[in-house]
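Computed from heavy atoms alone, side chains included, the values below leave out hydrogens, waters and symmetry copies. Naming: A, B, ... by sequence-line order, numbering from 1 per chain. Everything numeric in this text was worked out from a predicted model, so none of it was measured.
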2 protein chains.
Amino acid sequence: MMTASNAPVRQSSVRAHNLALVLQTVANSPDPISRASVAGATGLTRATVSALVDDLIAGALLAEVDPAPRSGAGRPAAGLRPAADGPAGLGLEINVDYRAACVVDLTGTVRHHLVEAGDQRGPGSLDGLTRLAARALRLARAEGLTVAGAALAVPGLVSAGGVVRVAPNLGWQDVAVGSQLHGLPLMVDNEANLAALSELGTGDLPPSFVYISGEIGIGAGIVLNGALYRGVRGWSGEIGHIPIDSAGPRCRCGARGCLEQYAGQEAMLSAAGVTSVESLAGADLTVAGTALGTAIATVVNLLDVDTVVLGGIYAPLLPGLHDAIDAEIARRVLTADWSPVRLRAATLGPDAAVRGAAGAVLRGVLDDPAAYLAR
Amino acid sequence: MMTASNAPVRQSSVRAHNLALVLQTVANSPDPISRASVAGATGLTRATVSALVDDLIAGALLAEVDPAPRSGAGRPAAGLRPAADGPAGLGLEINVDYRAACVVDLTGTVRHHLVEAGDQRGPGSLDGLTRLAARALRLARAEGLTVAGAALAVPGLVSAGGVVRVAPNLGWQDVAVGSQLHGLPLMVDNEANLAALSELGTGDLPPSFVYISGEIGIGAGIVLNGALYRGVRGWSGEIGHIPIDSAGPRCRCGARGCLEQYAGQEAMLSAAGVTSVESLAGADLTVAGTALGTAIATVVNLLDVDTVVLGGIYAPLLPGLHDAIDAEIARRVLTADWSPVRLRAATLGPDAAVRGAAGAVLRGVLDDPAAYLAR
DNA sequence: TCAAATAATTCAACCAATAAACAAATCAGA
DNA sequence: TCTGATTTGTTTATTGGTTGAATTATTTGA
């Protein structure tokens, strides 16, 4: 929980913080972990950890499992794991040609995943999404899961309060999605942001990185110190219109030579003379890679992140893009000599955004388990 | 204090947090403020605030002053103010043609300010800085101030542990400044970062903004949610090499068409055909302004900040730059229609970096007064 | 079979915030 | 000028939560 630094701290906040600390320590451990190990890892005493774990087990956030095989003398430890039958997150996504819902439990397991293909352009598609969400909810509840909340990924700019300012490819403008769905709290966020969170959740990324989502538009999700950076109004990461060449082709935004004109899906397809994203795999992607490398160099110079994750259509194309990107980074990133920029392909594929949406709900629980327990 | 979220919280942390909360509430209040008002503003009880204030007064962090003029019935309040005779910060700066030191107390008053003109290129200039710091220290201690630490502003890239990786205009490369000076903890940071903190301290800026420092090079200090964002390795804000035109003039960094080639001090002087920064005031700055606007648009699209502060040589030139910057922002910032980007000239002038350095030390005290009291 | 080792729980002590009562100092109205 | 209302600040008993030491539980190895 990003504790508001201008709020008073009382004893109950201490407990709330330490509950989160214990829960996250267990959640971040690859194997079942004992109370004593949690105490060692967190700096709390075993007595305190035991008391906190009691609460977490009573609230179905943690579960005891068979102890891991041990060596050496001593009483065997009871293993702790996030509970599979406790809270779950409902992730939703709406995109140009499909809508999707998924239910993920605290162990990270995708319990249900529903996808409906079809044109979603126009705000009417929200009704269909509501029905899809209801179906996913019924499936989750039938299994005894407590759905803690929902999050919706949208390819557009989202304001506070769940208003989609503009989603160009959906044809949305000032669509109020709201902050409730079937009685659950609903969070609406940009698809690149949620996909970035999703990749962060895989656990093999550093706490600060930038996720670049290549679709028809190009967006970025910025993760700093383990938390999504959303910007003052929630509109961070609009990377598609970084200028590459002020004399370049005119862009739909009105300026010239934006990144999107070189590395957007349409631009790459027409440059390669093909019509499907799959066919790009064999094409020469130097122009797109150079433009992307220029933009990445700008991002790295500005934010000093050392890892960039390429998602969306870029993930499968990374082998063809890699050299051109690297060359541009070497030329433009001032600090490349001291510490290299790592390029990675996203690992989650097209599901990243929905799963990230469900993950965002669960992250809320992990960040403030006391609030969940008190519900 | 940026509480490490993976650290346990104990009762003493509660006290540490609330001490900071009370101290900052008093420090942020324009007028002397009563214990009862602090209680109202923070949500703590009057009893708790009284106890915390006792500690802060005993530690010379707060002082009682004559009560502010009041209206209405009731016992008159005792006014609280940051103590003028408590901790002070020692700010240091080394730049191409001068070195400086200043001592600032908790009230924000600059108690001493020493400047020595002269060429500082080459690492030998550190000895002179050490002597200057000793002079400033003697002056501060003679007045009864407790110097809590020192911070040094350098125009270059600084690594953890006080190593200046490179400061091109000083001719420094891998200079280890260290983390101690005359027995005080010493923090070394980029000049733009500290200047940004300094502007933040003036109090009339929002919690998130970008400060752009125009000197021979161009740097940026990024403040997000009231805290400096330093990046993974401390090298954030290298804005000078944002590409403006890939076919533009070659830059000393090896790439082409970097911002510095259009809006750097040298570029502006030679474009205007003058030799002094003062003479630029009447010149046509459209080219520089357009380049700067392009770079600012990139920063805003990426970080979604709504305020940009122009410092260094840009501050006095803002009237001549404003229109060209605005035009470029309007064209390139996607969200400009919903919420304008505010451009401001820096208010502190050339002293911003030294004062920011002293301010950084004081900020450390404000953020964790318990550590200062326990010293 | 017993000692050593490790895990988890119990319990008294302690620390810090709270709530409520109390003391202090002023204003306002008769 | 007295008196009650009002607000500030302090005192005191209570509560919530962590700590540390002692205790219980369960295994390995000699």
Side-chain angles (χ1 to χ4, degrees), chain A residues 3 7-22 25-26 29 31-58 62-80 369-370 373-374, chain B residues 7-22 25-26 29 31-58 62 64-80 369-370 373-374:
Chain A
T3 314
V9 167
R10 25 186 70 83
Q11 287 93 328
S12 62
S13 334
V14 172
R15 191 160 190 85
H17 179 105
N18 287 339
L19 273 172
L21 184 61
V22 169
T25 302
V26 175
S29 162
D31 301 309
I33 181 174
S34 70
R35 291 166 174 77
S37 304
V38 172
T42 58
L44 295 164
T45 63
R46 294 196 308 258
T48 305
V49 171
S50 275
L52 294 168
V53 164
D54 285 348
D55 278 11
L56 292 169
I57 289 179
L62 287 182
E64 270 192 345
V65 299
D66 280 347
R70 294 182 44 264
S71 61
R75 170 177 169 175
L80 297 171
L373 294 175
Chain B
V9 168
R10 26 185 69 83
Q11 288 94 326
S12 61
S13 336
V14 172
R15 193 162 189 83
H17 179 106
N18 287 338
L19 274 172
L21 184 61
V22 168
T25 302
V26 175
S29 163
D31 300 309
I33 183 175
S34 70
R35 292 167 174 77
S37 303
V38 172
T42 58
L44 296 164
T45 63
R46 295 199 308 265
T48 304
V49 171
S50 275
L52 294 168
V53 164
D54 286 348
D55 279 10
L56 292 169
I57 289 179
L62 288 183
E64 271 192 345
V65 298
D66 280 346
R70 294 183 43 265
S71 60
R75 168 176 170 176
L80 297 171
L373 294 176

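Screening A/Leu21, A/Thr25, A/Val38 for a side chain to side chain contact (heavy atoms under 4.5 Å, CB included) with A/Leu44, the sole residue that qualifies is A/Leu21.
Between B/Ser50 and D/dT10 there is a side-chain N or O to OP1 or OP2 distance below 4.0 Å. The side chain of A/Arg10 contributes an N or O atom lying less than 4.0 Å from OP1 or OP2 of C/dT18. Of the side-chain N and O atoms in B/Asn18, none sit less than 4.0 angstrom from OP1 or OP2 of C/dA16. The phosphate of C/dT9 (OP1 or OP2) has a side-chain N or O of A/Arg35 nearer than 4.0 angstrom. Under 4.0 angstrom from either OP1 or OP2 of C/dT18 there lies at least one side-chain N or O belonging to B/Thr48.
The separation between B/Leu19 atom CG and C/dC15 atom P is 16 Å, rounded to whole Å. Going from atom CD of B/Glu64 over to atom C1' of D/dT10 covers 13 Å, rounded to whole Å. Between the C1' atom of D/dT10 and the CD1 atom of B/Ile57 lies a distance of 14 Å, rounded to the nearest Å. Atoms CG (B/Leu21) and C1' (C/dA16) sit 15 Å apart, rounded to a whole Å. Distance, A/Asp55 CG to C/dA8 P: 17 Å, rounded to whole Å. C/dA8 atom C1' lies 16 Å from atom CG of A/Leu62, rounded to whole Å. As a whole-Å value, the separation of A/Arg46 CZ from D/dA25 P is 16 Å. Atom-to-atom, CD1 of A/Ile33 to C1' of C/dA7 comes out at 14 Å; the value is rounded to the nearest Å.
Nearest to the side-chain atoms of A/Gln11 among the listed nucleotides D/dG16, D/dT26, C/dA8 stands D/dG16. Relative to the side chain of B/Leu52, the nucleotides D/dA25, D/dT19, C/dA17 differ in distance, and C/dA17 lies closest. Considering only side-chain atoms of B/Ala73, the nucleotide from D/dT19, D/dA5, D/dT8 that sits closest is D/dA5. Among C/dA16, D/dT27, C/dA8, the nucleotide with an atom closest to any side-chain atom of B/Ser12 is C/dA16. The side chain of B/Thr45 lies closest to C/dT18, out of D/dT8, C/dT18, D/dT26. Considering only side-chain atoms of A/Arg15, the nucleotide from D/dT18, C/dT9, C/dA19 that sits closest is D/dT18.
Taking 4.5 Å as the limit, every side-chain heavy atom of A/Val14 sits out of range of all side-chain heavy atoms of B/Gln11. A/Ile57 places a side-chain heavy atom less than 4.5 Å from the side chain of A/Leu80. Two residues are said to be in side-chain contact when any heavy atoms from C-beta on lie closer than 4.5 Å; B/Leu373 and B/Leu19 meet this criterion.
One can find a donor-acceptor pair under 3.5 Å joining the base of D/dT8 and the side-chain atoms of B/Arg75.
Projected onto DNA chain C by closest heavy-atom contact, B/Gly74 and A/Ala47 fall at different nucleotides, the more 5' of which corresponds to A/Ala47.
Within the nucleic acid shown, B/Ala36 comes within 4.0 Å of sugar-phosphate atoms alone, with no base atom in reach, counting heavy atoms only.
Taking each heavy atom of B/Arg15 and B/Asp55 in turn, the nearest pair found is NH2-OD2, 3.1 Å. The minimum heavy-atom distance between A/Pro8 and A/Ser13, with the atom names listed, is O-OG, 4.4 Å.
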